[in-house]
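This report refers to the structure that appears directly beneath it.
Index from 1, following the sequence.
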Amino acid sequence: MVLIPFREGEGWLPGTLRPYSPIEIDPAAAVLHYGQSVFEGFKAFRQVTGDIASFRPDANARRFQNSAKRLAMPEMPVDMFLQAANLLIQQDRDWVPSIRGTSLYLRPLLIATECSLGVRPSREYLFVLIASPAGDYFQGGVKPVSVWVCDKYVRAAPGGTGEAKFGGNYAASLIAQAEAAQRGCAQVVWLDAVHRNQVEEMGGMNIFFVLNSNGQTTLLTPKLSGSLLPGITRESLLLIGPKLGYAVEERTITLAEWISSAKSGHMTEAFACGTAAVITPIGSMHGQHGETLIGDGQGGPVAQTLRDYLLAIQYGEAPDPLGWMHRVC
């Protein structure tokens, strides 16, 4: 793992690469009391050539900066972030699996470590980077999931921390995730905090809808409003969609529109996207209104096409026209 401390007045101090082990912090460390903690997640892939490359780590580095800024934490320079990632990937290169669908998952973390009970930004922080081999998210093939629309809790509100990858966002979501599981659903769909009728995102993933009209297929996703996490996979799909002949659209979509479009057949697919699963088809949506089937409930060709295209780039099986793969070793 890589550790890099930060101290106010001195900046980022020399980092270390050392064996994975517990870290020791004071019981009065600010992170334990006031929650100053942000993180990221991205992957490195073994290419068909045998080389190892990470997928868009610079985009994760910039989002890491934005998250830190929102939590009044120091912003790590992009070059430093990439250097730390390259160092750990090179050290752990034998742990990068070669089977398609697998990868080396990297988790950068920044926590406040100053020993202080004062309610203010910490003056000391610790950057931690760890990695782990990751298996295929869909062992046995990609399967559609059922989702539960949460109308009791909200994930984030305008002006809040929704667009930051902040640990507290995930802690606040766990109770709703547990309730979804009790109802037999795999994931939670969050609605906006103001109107409680606009679709925002799904668990730890962004959400897309596939609309068909007059022979044109459109990829629709909720627009970034300040309370949605700007997903790297989300942005990637918006960029590659037109290359595959799909129109892309970012706008508000209400729960009522989701239900009516699915029932009329205008909406033929829905899927979630994120680093872990890449793309997860949604077969059915459940809530106080009852059950709504999307398409035939079995997923669809658009989600599969997008997933295959993105995976081909990540594993070096297809050209990388946008320069997303960062060769490490």
Side-chain angles (χ1 to χ4, degrees), residues 1-2 38-67 76-109 129-138 142 165 201 204-208 219 221 229-244 248 271-280 303-329:
M1 63 184 186
V2 174
V38 298
F39 67 97
E40 269 300 328
F42 62 102
K43 290 178 176 179
F45 300 85
R46 192 172 295 278
Q47 309 287 278
V48 291
T49 60
D51 293 345
I52 297 170
S54 53
F55 179 69
R56 303 195 66 187
D58 54 326
N60 290 94
R62 291 189 293 272
R63 190 172 66 178
F64 195 60
Q65 288 182 324
N66 292 336
S67 296
M76 171 171 276
V78 171
D79 288 348
M80 183 180 292
F81 183 100
L82 296 179
Q83 183 180 9
N86 290 346
L87 184 64
L88 187 58
I89 294 169
Q90 290 165 1
Q91 178 66 34
D92 284 349
R93 59 187 176 275
D94 292 341
W95 288 98
V96 182
S98 56
I99 299 173
R100 198 176 196 274
T102 63
S103 60
L104 184 73
Y105 179 78
L106 290 104
R107 169 56 62 88
L109 173 71
L129 176 62
I130 58 176
S132 172
D136 192 338
Y137 193 89
F138 292 104
V142 179
K165 205 161 176 62
E201 60 182 78
M205 298 179 279
N206 294 114
I207 191 166
F208 274 83
L219 305 178
T221 192
L229 184 70
I232 309 303
T233 307
R234 173 190 181 277
E235 182 188 53
S236 301
L237 294 178
L238 288 172
L239 292 170
I240 67 175
K243 294 182 178 298
L244 297 175
V248 296
F271 60 86
C273 66
T275 298
V278 186
I279 288 177
T280 305
Q304 189 63 52
T305 297
L306 290 165
R307 188 173 192 275
D308 290 343
Y309 186 84
L310 197 53
L311 287 174
I313 291 174
Q314 292 175 335
Y315 288 100
E317 300 165 351
D320 177 19
L322 295 172
W324 284 340
M325 301 309 297
H326 176 75
R327 184 184 179 279
V328 179
C329 54

Discussion item. Could you report the tightest heavy-atom contact between Cys273 and Leu237, atom names first, then the distance?
Written reply: CB-CD1, 3.8 Å
Fill in: Atom pair CD1 (Ile130) and CE (Met1), whose distance is rounded to the nearest 0.5 Å
8.5 Å
Worksheet entry | Shortest non-hydrogen contact between Leu239 and Trp324, atoms and distance | CD1-CZ2, 3.7 Å
Worksheet item: Do the rings of Phe271 and Phe208 sit parallel, tilted or perpendicular, given the 30° and 60° boundaries?
Response: parallel
Worksheet entry | Nearest heavy atoms of Gly41 and Asn60, plus distance in Å | O-ND2, 3.2 Å
Discussion item. Restricting to non-hydrogen atoms, name the atom on Ile207 and the atom on Thr221 that form the minimum distance, rounded to 0.1 Å.
Written reply: O-OG1, 2.6 Å
Worksheet entry | Close side-chain approach of Asp51 and Val328, heavy atoms under 4.5 Å | no
Worksheet entry | Student check: side-chain heavy atoms of Tyr309 and Ile240 closer than 4.5 Å | yes
Worksheet item: Are Phe81 and Phe42 close enough that their ring centers fall under 6.0 Å?
Response: yes
Discussion item. Applying side-chain contact (heavy atoms from CB on, under 4.5 Å), can you list everything that pairs with Asp92, at least two apart in sequence or on another chain?
Written reply: Leu88, Trp95, Leu104, Ala131
Worksheet item: How close do Ile232 and Ala59 get, heavy atom to heavy atom, and via which atoms?
Response: CD1-CB, 3.7 Å
Practice prompt. Return yes when atom CD of Gln90 has more than 12 non-hydrogen atoms of other residues, nucleotides or ligands closer than 6.0 Å, and no otherwise.
Written response: yes
